[in-house]
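Computed from a prediction, not measured in an experiment: that's the story for all the values here.
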Amino acid sequence: MALASLSSELKQYLIVTGNYWAFTLTDGALRMLVVLHFHSLGYSPLDIALLFLFYELFGVVTNLVGGWLGAHIGLNRTMNIGLGLQIIALGMLLVPTSLLSVGWVMAAQAVSGIAKDLNKMSAKSAVKTLVPANAEGKLYQWVAVLTGSKNALKGAGFFLGGALLSLFGFQGAVGLMAGMLAIVWVSSMFFLHADIGQAKNKPKFTQLFSKSTPINVLSAARMCLFGARDVWFVVALPVFLASQLGWDHWYVGGFLASWVIGYGIVQGFAPSITGKASGKVPDGRVAMTWAGMLTVVPALIALALANDIAPVFSVVIGLLIFGGIFAVNSSFHSYLIVSYAREDGVSLDVGFYYMANAMGRLLGTLLSGWIYQEHGLVACLWASSLLLAITCVISYWLPTGSQKVSNSSSRM
């Protein structure tokens, strides 16, 4: 009865969010499963990073093409395609352990990367179509809730991955996740509307690249921001915790899960943190200021570790501070891209932006494995600080509150 009393827009928002939650839970768990399982098999940090090469690389292509596809066939279909592909990716990992070669795992991760970015692009774009025009405060709040809850579930996925690996082994864990996601996929096929996000004027394939200066600047800043996170978080940190601090799978998965859950909660409250109650929404100057604050954090952690100052305390507390400030930065960006994107064919602009996001993750993942293997965690942290400084500089060119972004001219 309660669900029946909700508006059509809110019902669809809840369905989109539920799909995104379910997908994110399995995606986070799968990443932790792969890192910990293949580390236990003796793979080097660089080898583990290479397992995610196609995951990130195909994400770059998927976000670009997926935005065009969503404008043509609807965001409900691209979201459901993403759910189906994730089930296929999980199924590919159910082969006997002797057949889990590097090439096969990379192929499965490629399918998973396509699935993840189709799902994310669809969810973020759909919010724009479900919020009334000029309701910027509501848009900021809905994007923050969607993004924050997603990251909290991703953190739960990290814990789930470590726990399932310990309880059921690699194949058992993958099989359970595939079954759960199949139920969600079938439900989504029935309940998600067929007309979300279809553009009235079908864009040409040549219109994939954004011609909007604010979107291009924001995309460049996003690429460096996520490269700065993943250069030490994706491979270097879990391997450091397991190999240098001697933590087992439960501790590694639980700690990283707690971090991402807390990070997601902060994202959800970002509108309150940045003054939404007083009618304020973030602009380019706010984004630059918070990026500058974040730049200092990995540098301080690196200095503490280099001087052997309470390594466990420095990593744990430093990561918590980094996560809180990073969450606000990420929430700003997620709101700004949806705000900048034009209404008709929103998925094109959002897809282009998340292509840059995927490029940042790809850069960060590869650097995380290589730098950690060659120089250790301290070097990864300095690389993170450098990328954040670049993010801060790029953000200077984002529009300020006095500048208006013309959505109608974002494509030519």
Asn357 (side chain) donor-acceptor with Tyr353 (main chain) under 3.5 angstrom | no
Approximate separation, where rounding is to 0.5 Å, of Leu33 CG and Phe38 CZ | 10.0 Å
Test side-chain contact (heavy atoms from CB on, under 4.5 Å) applied to Ile265 - qualifying residues, sequence neighbours left out | Ile261, Phe269
In this structure, CZ of Arg222 is separated from CD1 of Ile394 (nearest 0.5 Å) by 13.5 Å
Side chains of Leu388 and Cys224: does their closest heavy-atom pair fall under 4.5 Å?
-> no
Less than 4.5 Å apart, any side-chain heavy atom of Leu294 and any of Leu225?
-> yes
Check the pair Leu181 / Leu25 against side-chain contact (heavy atoms from CB on, under 4.5 Å), numbers first and verdict last.
-> CA-CA 9 Å; Leu181 202 60; Leu25 189 65; over 6 Å; no
Rounded to the nearest 0.5 Å, how far apart are CG of Leu83 and CD1 of Ile88?
-> 11.5 Å
For the pair Thr391 (side chain) and Leu387 (backbone), establish whether a donor and an acceptor sit closer than 3.5 Å, ignoring hydrogens and angles.
-> yes
Side-chain touch Leu256/Phe159, heavy atoms, less than 4.5 angstrom | no
Whether Ser368 side chain and Ala236 backbone form a donor-acceptor pair below 3.5 Å | yes
Aromatic ring proximity Phe326/Phe226, centre distance under 6.0 Å = yes
Could you go step by step and tell me if Val234 and Arg229 meet the side-chain contact (heavy atoms from CB on, under 4.5 Å) rule?
-> CA-CA 8 Å; Val234 170; Arg229 182 197 67 176; 5.6 Å; no
Report yes or no: is the cationic atom of Arg31 (NZ for Lys, CZ for Arg) under 6.0 Å from the centre of the six-membered ring of Phe158, at an angle within 45° of the ring normal?
-> no
What is the distance from atom CD1 of Ile114 to atom CG of Leu85, rounded to the nearest 0.5 Å?
-> 6.5 Å
Would you check if the side chain of Gln109 reaches a backbone N or O of Phe54 as a donor-acceptor pair within less than 3.5 Å?
-> no
Drop me the distance from Leu36's CG to Leu41's CG, to the nearest 0.5 angstrom.
-> 11.0 Å
Between Ser331 and Ala327, is there a donor-acceptor pair closer than 3.5 Å when you use the side chain of the first and the backbone of the second?
-> no
Side-chain touch Arg361/Asp117, heavy atoms, less than 4.5 angstrom = yes
Is the backbone N or O of Leu362 less than 3.5 Å from a side-chain atom of Thr365, with the two atoms forming a donor-acceptor pair by type?
-> no
Shortest non-hydrogen separation from Ala115 to Gly82 and the atoms involved = CB-O, 3.1 Å
Minimum heavy-atom separation for Ala29 to Met177, with atom names?
-> CB-SD, 3.3 Å
Closest heavy-atom pair and its distance - Tyr340, Pro399 = OH-CD, 3.2 Å
Residue pair Pro214 / Leu398, side-chain heavy-atom distance below 4.5 Å = no
May I ask you to test the Leu237-Tyr372 pair for a side-chain heavy-atom distance under 4.5 Å?
-> no
If only atom types and distance count, is the side chain of Gln86 paired as donor or acceptor with the main-chain N or O of Phe23 below 3.5 Å?
-> no
Would you say Ser384's side chain and Cys380's backbone share a donor-acceptor pair under 3.5 angstrom?
-> no
Would you say the side chain of Ser101 lies within less than 4.5 Å of the side chain of Met106, judging by non-hydrogen atoms?
-> no
Counting only heavy atoms not in Met359, do more than 12 sit closer than 6.0 Å to its CE atom?
-> no
Roughly how far, to the nearest 0.5 Å, is CG of Asn80 from CH2 of Trp185?
-> 8.0 Å
Closest non-hydrogen atom pair, Leu94 against Gln171 = O-NE2, 3.0 Å
Sidechain-backbone polar pair: Ser112 side chain, Ala108 backbone, donor-acceptor under 3.5 Å = no
Search all heavy atoms of Val297 against all heavy atoms of Gly318 and return the closest pair with its distance.
-> CG1-O, 3.7 Å
For the residue pair Val111 and Phe58, establish whether any side-chain heavy-atom pair is separated by less than 4.5 Å.
-> no
In terms of ring plane angle, is the pair Phe233 and Trp259 parallel, tilted or perpendicular, where the classes change at 30° and 60°?
-> tilted
Does Phe240 have its ring centroid less than 6.0 Å away from the ring centroid of Trp247?
-> no
Distance-minimising heavy-atom pair for Pro311 and Asp308 = CG-OD1, 3.4 Å
Please walk me through it: do His37 and Leu165 pass side-chain contact (heavy atoms from CB on, under 4.5 Å)?
-> CA-CA 8 Å; His37 178 66; Leu165 182 62; 4.2 Å; yes
Tell me, with the steps shown, if Phe170 and Leu164 meet side-chain contact (heavy atoms from CB on, under 4.5 Å).
-> CA-CA 8 Å; Phe170 185 77; Leu164 290 179; over 6 Å; no
Does any N or O in the side chain of Ser314 come within less than 3.5 Å of the main-chain N or O of Leu305, such that one atom is a donor and the other an acceptor?
-> no
Sort out for me which residue in Ile371, Ile301, Leu367 forms a side-chain contact (heavy atoms from CB on, under 4.5 Å) with Trp232.
-> Ile301
Just checking, Arg285 and Tyr396: is the charged tip under 6.0 Å from the six-membered ring centre and within 45° of the axis?
-> yes
Please assess Asp47 against Ser44 for the test side-chain hydrogen bond (donor to acceptor under 3.5 Å, both in side chains), listing each intermediate value before the final yes or no.
-> CA-CA 5 Å; Asp47 290 336; Ser44 71; 3.0 Å; yes
